[in-house]
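Below is one structure, written out as structure tokens; the observations come after it.
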Protein chains: 2
Amino acid sequence: MRENTGKSKYVMLGMLARMPLTGYMIKKWLENEYSHFWQESYGQIYPTLKKLVEEGLAVSSESSERRNGRGQILYTITDAGKKELSDWLSKEPEIEKLRYEILLKISFGDNTTKDVLLGHLDEFIQRNEKLIKDMNGYIEEIEGASGLDFDCSYSKLTALCGIHIYTAMKAWAIEAKDIIAAKGEKDHETKNP
Amino acid sequence: MRENTGKSKYVMLGMLARMPLTGYMIKKWLENEYSHFWQESYGQIYPTLKKLVEEGLAVSSESSERRNGRGQILYTITDAGKKELSDWLSKEPEIEKLRYEILLKISFGDNTTKDVLLGHLDEFIQRNEKLIKDMNGYIEEIEGASGLDFDCSYSKLTALCGIHIYTAMKAWAIEAKDIIAAKGEKDHETKNP
DNA sequence: TTCGGCATGTAACTTGTTACATGATTTG
DNA sequence: CAAATCATGTAACAAGTTACATGCCGAA
């Protein structure tokens, strides 16, 4: 009983806990609502789903009535699956290993021009502005949809986190631009006393 | 000439651009100053260094004078390496794919208790407080060391980014705790009109 | 003499992505 | 009729971690 499915397994379980889903639906749902902090490819989803069934954490029901395209395979979480999920939820989240390419490029800034760095930061600011707008739109969307069959307040919390992060990133980038610009002037002074 | 080394290659080049280094020194340096936004394992470092030499981006000089322990292999960047680095620095940084486990757990919050979530958030707040303190310490450190042989201002910028992010994360977690606590009360009201 | 740090290296494994194959149905 | 979308799936690859092997030196 090796533990080879990483976190994808729990993502599937968490989504199936809401409602029975197909692999395709899981992918679409991830793309729409989780993409800013989580993503999975089909190459992960389908094999993981099969393992879930093997481990008794979900059951599959092949609906031969092919409504759209090929016949769908619906996965439903079992009691064992619910227990597995809640056990995982109780465990303290691991510390994330982050890899910010932009910070790498900034920290190697000596090896390029000021303009290149300022360009990257400008692009970064725009990207974060877009993300903030997206997150705000998403929050309005779920606030607008009142008569929903399930509670979205936890989803809203993750969007709120996005807003915090992207706002902080944008603020940093603006500050960084100022510092880099000022630094250029200082260098010039030093070289021409 | 396949492109199989990902970003590790450029990290090595960026560090070698400062001074000639051994694999071991690269690892230690990464652990000390880059660990909050980048990390590499020996399993990546040594093979990548070899490839750098194969591609003519660095040269190795085995100093047979074994100062400490086993004889070291010093790697020095070549002009071709410097060009490769500056070309990479000019390219727009890729959009990061983030995976925040804590957000996953929060978004699946329905399947556990309020106490579990509040506990995770408390731990998260403490972790971020520690990180903010670390980053501030790091900034003071490089500000204190005045007569340094090379400019640290770009490193300081990355630390500043850390402070922004961790502060934002902490602020979010505090807000999230309040919202989750309030939500509990509201649920109670709804169930007992 | 034992332990920790210096120092290099690799094999096995895990994790995840990409590109492809298949094919029905819906929409323009 | 062509293209997009629904829908499942896999093989090959890429990337990265872990655990281990080796061995010297200095300090406790």
Side-chain angles (χ1 to χ4, degrees), chain A residues 1-12 20-32 34-35 37-54 58 60-75 94-99 101 104, chain B residues 1-12 20-32 34-35 37-54 58 60-75 94-99 101 104:
Chain A
M1 263 213 196
R2 70 226 149 88
E3 199 68 32
N4 64 347
T5 11
K7 286 163 197 163
S8 308
K9 174 178 168 177
Y10 302 106
V11 180
M12 316 279 111
L21 295 164
T22 68
Y24 191 83
M25 288 155 83
I26 285 173
K27 182 71 164 61
K28 292 299 143 192
W29 195 2
L30 281 168
E31 279 169 4
N32 288 332
Y34 293 80
S35 60
F37 68 91
W38 205 270
Q39 53 287 131
E40 300 279 351
S41 63
Y42 286 125
Q44 287 282 103
I45 292 170
Y46 287 114
T48 302
L49 245 19
K50 277 195 171 172
K51 270 171 211 149
L52 248 39
V53 175
E54 278 170 30
S60 62
S61 61
E62 184 143 9
S63 65
S64 50
E65 35 136 358
R66 48 188 69 190
R67 299 193 304 188
N68 315 311
R70 211 208 281 206
Q72 313 171 306
I73 299 171
L74 255 196
Y75 290 87
E94 271 173 44
I95 294 161
E96 334 286 342
K97 291 179 183 173
L98 303 174
R99 286 182 139 198
E101 195 183 338
L104 215 49
Chain B
M1 265 217 196
R2 67 224 152 92
E3 200 69 30
N4 63 347
T5 12
K7 287 165 197 161
S8 309
K9 174 178 167 178
Y10 302 105
V11 180
M12 316 280 113
L21 295 164
T22 68
Y24 190 82
M25 287 156 82
I26 286 174
K27 181 71 160 73
K28 291 301 142 188
W29 195 3
L30 281 168
E31 280 170 4
N32 288 332
Y34 293 79
S35 60
F37 68 91
W38 205 269
Q39 53 286 132
E40 300 279 350
S41 62
Y42 285 125
Q44 288 282 105
I45 292 170
Y46 286 114
T48 303
L49 246 17
K50 277 194 172 173
K51 270 171 212 150
L52 248 39
V53 175
E54 278 170 32
S60 61
S61 62
E62 186 143 8
S63 65
S64 49
E65 34 135 357
R66 48 188 67 192
R67 299 193 305 188
N68 315 312
R70 212 210 278 209
Q72 313 171 307
I73 299 171
L74 255 196
Y75 290 86
E94 271 173 44
I95 295 161
E96 334 285 342
K97 290 179 183 171
L98 302 175
R99 285 182 138 197
E101 194 182 339
L104 216 49

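Since the structure is predicted, the reported quantities are computational estimates derived from the model, not experimental observations. We use all heavy atoms of the structure for the numbers below, so side chains are in, but hydrogens, waters and symmetry mates are not. Each chain gets a letter, A, B and so on, in the order the sequences are listed, and its residues count up from 1.
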With respect to the phosphate group of [N], does any side-chain polar atom (N or O) of [X] fall under 4.0 Å of OP1 or OP2?
X	N	value
Y46(A)	dT8(D)	yes
R99(A)	dG16(D)	yes
Y24(B)	dC6(C)	yes
S8(A)	dT15(C)	no

Quiz item: With distance as the sole criterion, is a donor-acceptor pair present between the side chains of S8(A) and Q44(A) under 3.5 Å?
Solution: yes
Practice problem: Among dT17(D), dT10(C), dT17(C), find the nucleotide with the atom closest to the side chain of Q39(B). | Solution: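 Between dT17(D), dT10(C), dT17(C), the one nearest the side chain of Q39(B) would be dT17(D).
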Exercise. Give G23(A) one of three labels, base, sugar-phosphate or nothing, depending on what nucleic acid heavy atoms sit under 4.0 Å from its own.
Key: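 The answer is sugar-phosphate, as G23(A) gets under 4.0 Å only of primed atoms, P, OP1 or OP2.
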Quiz item: When all nucleic acid strands are considered with a 4.0 Å heavy-atom cut-off, which category describes K50(A): base, sugar-phosphate, or nothing?
Solution: sugar-phosphate
Self-check item: Distance under 6.0 Å and angle within 45° of ring axis: K50(A) vs Y46(A)
Solution: no
Practice problem: Just say parallel, tilted or perpendicular for the rings of W29(A) and Y34(A), cut-offs at 30° and 60°. | Solution: perpendicular
Practice problem: May I have the distance from I95(A) (atom CD1) to dT17(D) (atom C1'), rounded to whole angstrom? | Solution: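 Roughly 17 Å, once rounded to whole Å.
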Quiz item: What integer distance in Å separates L21(B):CG from dA7(C):C1'?
Solution: 14 Å
